[in-house]
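Nothing here was measured: the structure is a model prediction, and the numbers come from that model. Naming: A, B, ... by sequence-line order, numbering from 1 per chain.
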There are 2 protein chains.
Amino acid sequence: MQIKEAEKVFKALGQSLRLKIIALLAEQEFCVCELEEIFGVSQPAISQHLRILKEADLVEEEKIGQWVFYSLKREYLEEFLRDFSSYLISPLEAKKDLEQERARVKQLEQNPKVTCRPLPR
Amino acid sequence: MQIKEAEKVFKALGQSLRLKIIALLAEQEFCVCELEEIFGVSQPAISQHLRILKEADLVEEEKIGQWVFYSLKREYLEEFLRDFSSYLISPLEAKKDLEQERARVKQLEQNPKVTCRPLPR
DNA sequence: ATAATATATAAGAAAATAGTTATATACTTG
DNA sequence: CAAGTATATAACTATTTTCTTATATATTAT
């Protein structure tokens, strides 16, 4: 689990229209023009949201004629969410992106310049 | 599962510093002044991120003297992630926030003004 | 080939986000 | 009570996000 990957996925999930698109695509695939109709926003808006979802690996596309049908990569999403839960449980040493922060934590433990932790909690 | 709640949680998770804070708080609780030291950003920045996490129900605070210690609500977070996965599997009829969109999907099925779906896929 | 349709990308504007410094509030200590 | 420390909030700024309209590209139909 990499912080940057998690940030990208959660950012993609953190917008109501994209969440609704995902909730729909969980049911069946839709093409851009259908999503445009369904949500009543402009076609570029739909395309741009789908691009963000695609860059987060949450959807995939299938081009059929002049249409592009999008579907949810449910397996990947579910695996990602499970991995994130596991990541949280893992010890700090296993959290590669927090090397620097872990060093500072150790430093604080040894030399508590702030007085908030008189005895180990 | 409500779209608005999910949006708030995912938005809170969709920022690298907040993700790192969460990853640390998963290990043990920290007070604001420690997080400030650990991450090397200003105290208001930490406070503001913690407020966003608190409003998403992801952390809770315990005031001890003049310090405020924050801890991760891991149970809530994990339950939320599981609920979100279940939500995606649930049928469209069960997705309360998508009433309007479901109506439009039905409308499209009955009267396909777009030609992208010649036969039911 | 031309026109029509579907999608993606570009450009620009309004709003939201994430940081800063300054200040207010609360608690602790002398 | 006064001074010092910790935290929260306010005000401001730079950046990012999210939409729009305009345009480019690709496919289909006449």
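Across the protein-nucleic acid pair, A/Gln15 atom CD and C/dA16 atom P stand 12 Å apart, rounded to whole Å. We find that CG of B/Leu13 is positioned 12 Å from P of C/dA18, with the value rounded to whole Å. With rounding to whole Å, B/Glu7 atom CD is found 9 Å from C/dT17 atom P. Counting to the nearest Å, the C1' atom of D/dT18 and the CZ atom of A/Arg18 are 9 Å from each other. Here D/dT17 presents its P atom at 18 Å from CZ of B/Phe10, a figure rounded to the nearest Å. C/dA6 atom C1' lies 17 Å from atom CZ of A/Phe30, rounded to whole Å. Atom-to-atom, NZ of B/Lys63 to C1' of C/dT28 comes out at 12 Å; the value is rounded to the nearest Å.
With distances taken from any side-chain atom of A/Ile52 to the nucleotides D/dT17, C/dT17, D/dT18, the minimum falls on D/dT18.
Under the rule for a side-chain hydrogen bond (donor to acceptor under 3.5 Å, both in side chains), the partners of A/Lys4 that lie at least two apart in sequence or sit in another chain are A/Glu7. Here A/Ser86 pairs with nothing under the side chain to side chain contact (heavy atoms under 4.5 Å, CB included) rule; sequence neighbours left out.
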Run the numbers on A/Glu93 and A/Arg102 for side chain to side chain contact (heavy atoms under 4.5 Å, CB included), then give the verdict.
CA-CA 8 Å; A/Glu93 299 84 53; A/Arg102 181 165 136 257; 3.5 Å; yes
Determine, stepwise, if the pair A/Tyr76 / A/Leu58 fulfils side chain to side chain contact (heavy atoms under 4.5 Å, CB included).
CA-CA 7 Å; A/Tyr76 172 78; A/Leu58 294 176; 4.2 Å; yes
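Each of A/Gly65 and A/Gly40 was assigned the nucleotide of DNA chain D with the nearest heavy atom; the assignment lying further toward the 5' end belongs to A/Gly40.
For the pair A/Phe69 and B/Cys116, the tightest heavy-atom approach, listed with the atom from each and the gap, is CZ-O, 3.6 Å. Of all heavy-atom pairs spanning A/Ala23 and B/Leu98, the tightest one is CB-CD1, 3.5 Å.
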Enumerate all atom pairs, one protein N or O and one N or O from nucleotides 7-14 of chain C, separated by less than 3.5 Å.
residue	atom	partner	partner atom	Å
C/dT7	OP1	A/Val32	N	3.4
C/dT7	OP1	A/Val68	N	3.1
C/dT7	OP2	A/Cys33	N	2.6
C/dA8	OP1	A/Tyr70	OH	2.6
C/dA8	OP2	A/Ser47	OG	2.7
C/dA8	N7	A/Gln43	OE1	3.4
C/dA8	N7	A/Gln43	NE2	2.7
C/dA8	N6	A/Gln43	OE1	3.1
C/dA10	N6	A/Gln48	NE2	3.4

